[in-house]
Amino acid sequence: MRLTTTIFNALLGAYSASANEVRSHCNHKSLNTTSFNYVTDVANQTVYEMAVKFNRGVCDIGRANLMADVSIVPNLGQTINIPGQVCHPDWTSCIIDGPGTNDCVRGGPRLYYTVNGDTLWKIAGRLNMTLDSIQSGSQYGANETIAAGQFVKVPLCYPSTCDIEPYTFSKGVYKDLADMYGSTVGQIQMLSPTYNYSASLSEGETGPSIDIAKNCRLLSSNYTILS
Ligand SMILES: *[C@@H]1O[C@H](CO)[C@@H](O)[C@H](O)[C@H]1NC(C)=O
Ligand SMILES: *[C@@H]1O[C@H](CO)[C@@H](O)[C@H](O)[C@H]1NC(C)=O
Ligand SMILES: *[C@@H]1O[C@H](CO)[C@@H](O)[C@H](O)[C@H]1NC(C)=O
Ligand SMILES: *[C@@H]1O[C@H](CO)[C@@H](O)[C@H](O)[C@H]1NC(C)=O
Ligand SMILES: *[C@@H]1O[C@H](CO)[C@@H](O)[C@H](O)[C@H]1NC(C)=O
Ligand SMILES: *[C@@H]1O[C@H](CO)[C@@H](O)[C@H](O)[C@H]1NC(C)=O
């Protein structure tokens with residue numbers, strides 16, 4: 001009887017040790033929940049590298065700063081809000097997973113304005129376009145960095161359209177808006193070409209005003225490409 005109790009207690013001990021272990025994966029007390037502002041001090045440091053450096057999720061940093069896209073490389077001296085640590089850092093939900101499927105942009109606009117660290121590969125992903133269709137007629141290689149502030153003409157689908165609406169951006173990254181409203185990150189960028197991020201809003205402050213493209217769609221399954 002005593003032996004059984006001992007074994008039982010040992011098992012109970014082992015069980016609660018492993019339960020503690022599970023809990024410790026998400027022990028709020030071990031997290032540093034303080035957010036702070038980081039002024040980038042390394043040239044070409046990516047948001048991904050910052051996330052590794054501060055042990056945060058890259059998407060958590062992106063959303064805390066209302067980033068257009070976490071693959072835009074911040075400028076030296078830019079202030080980035082580093083949010084407090086959370087139990088489940090988000091490394092995936094904001095990531096654009098490479099070029100898309102379309103051979104032209106539905107609706108528009110016509111010109112994409114490059115931001116820091118852009119490549120045709122990234123732009124294709126942000127516009128849900130194939131690499132071939134964005135690359136045709138371009139002098140740039142897929143992963144060649146294009147200087148910020150250049151216009152890139154994108155092929156348009158004809159006939160197609162989007163609705164355009166003024167919008168106060170107060171939460172998330174552009175991918176959240178694009179997925180919710182039926183457009184793409186690139187199209188929202190094209191409507192507010194100089195916007196790329198906004199360091200965390202203080203309490204009560206309103207977010208930046210942008211335009212969003214909504215319900216971008218083909219108007220005929222028989223469309224042509226205006227290159
Ligand atoms: C949490 O992070 C802040 C900002 O980096 C730092 O000032 C503070 O000392 C950290 N707290 C702990 C308990 O490590
Ligand atoms: C940062 O990237 C730009 C553009 O690709 C490049 O011209 C510059 O040399 C890079 N700077 C450093 C320190 O890597
Ligand atoms: C982001 O926008 C600000 C304000 O327009 C600009 O000064 C900065 O150079 C831009 N950053 C990048 C990475 O394009
Ligand atoms: C890309 O376009 C295709 C075809 O319209 C659509 O099915 C898909 O959901 C789009 N993907 C994104 C990420 O917008
Ligand atoms: C461009 O870079 C992406 C991501 O790093 C990679 O998957 C892709 O193969 C590269 N494409 C080319 C043509 O080098
Ligand atoms: C598709 O559109 C083109 C140009 O508008 C037209 O010449 C062609 O007949 C159309 N094809 C079909 C199958 O409707």
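Both counts, for ligands and for their atoms, begin at 1 and track the order of listing. Quantities reported herein were computed from a predicted structural model and do not represent experimental measurements.
- Between the side chains of Asp69 and Ser71, at least one donor N or O lies within less than 3.5 Å of an accepting N or O.
- Applying the side chain to side chain donor-acceptor pair (under 3.5 Å) test to Ser160 and every residue at least two apart in sequence or in another chain returns nothing.
- On a distance-only criterion, Trp121 and ligand 5 share no N/O pair closer than 3.5 Å.
- Here the protein heavy atom with the shortest distance to atom 9 (O) of ligand 5 is Asn143 ND2, 4.8 Å.
- Distances between N or O atoms of Asn222 and those of ligand 6 include at least one value under 3.5 Å.
- Protein heavy atom nearest atom 8 (C) of ligand 2, with residue, atom name and distance: Asn44 ND2, 3.7 Å.
- Looking only at atom types and distance, the side chain of Asp103 has a donor-acceptor partner in the side chain of Tyr223 under 3.5 Å away.
- Looking at Asp90 and Arg63, a side-chain N of the basic residue comes within less than 4.0 Å of a carboxylate O on the acidic one, giving a salt bridge.
- Remark: minimum distance from atom 4 (C) of ligand 2 to any protein heavy atom is reached at Thr145 CG2, 4.3 Å.
- Applying the 4.0 Å criterion to heavy atoms of Ala142 picks out, from ligand 5, the atoms 13 (C).
- Under the 6.0 Å cut-off for aromatic ring centres, Phe151 and Tyr113 qualify, their centroids lying closer than that.
- Distances from atom 11 (N) of ligand 6 to the protein include at least one heavy-atom value under 4.0 Å.
- The nearest protein heavy atom to atom 2 (O) of ligand 6 is closer than 4.0 Å.
- When only modelled atom types and interatomic distance are considered, Arg126 and Tyr174 share no side-chain donor-acceptor pair under 3.5 Å.
- Counting only heavy atoms of the protein, atom 13 (C) of ligand 2 lies nearest to Ala43 CB, 3.7 Å.
- Neither side chain, Tyr140 nor Gln150, offers a donor N or O lying under 3.5 Å from an acceptor on the other.
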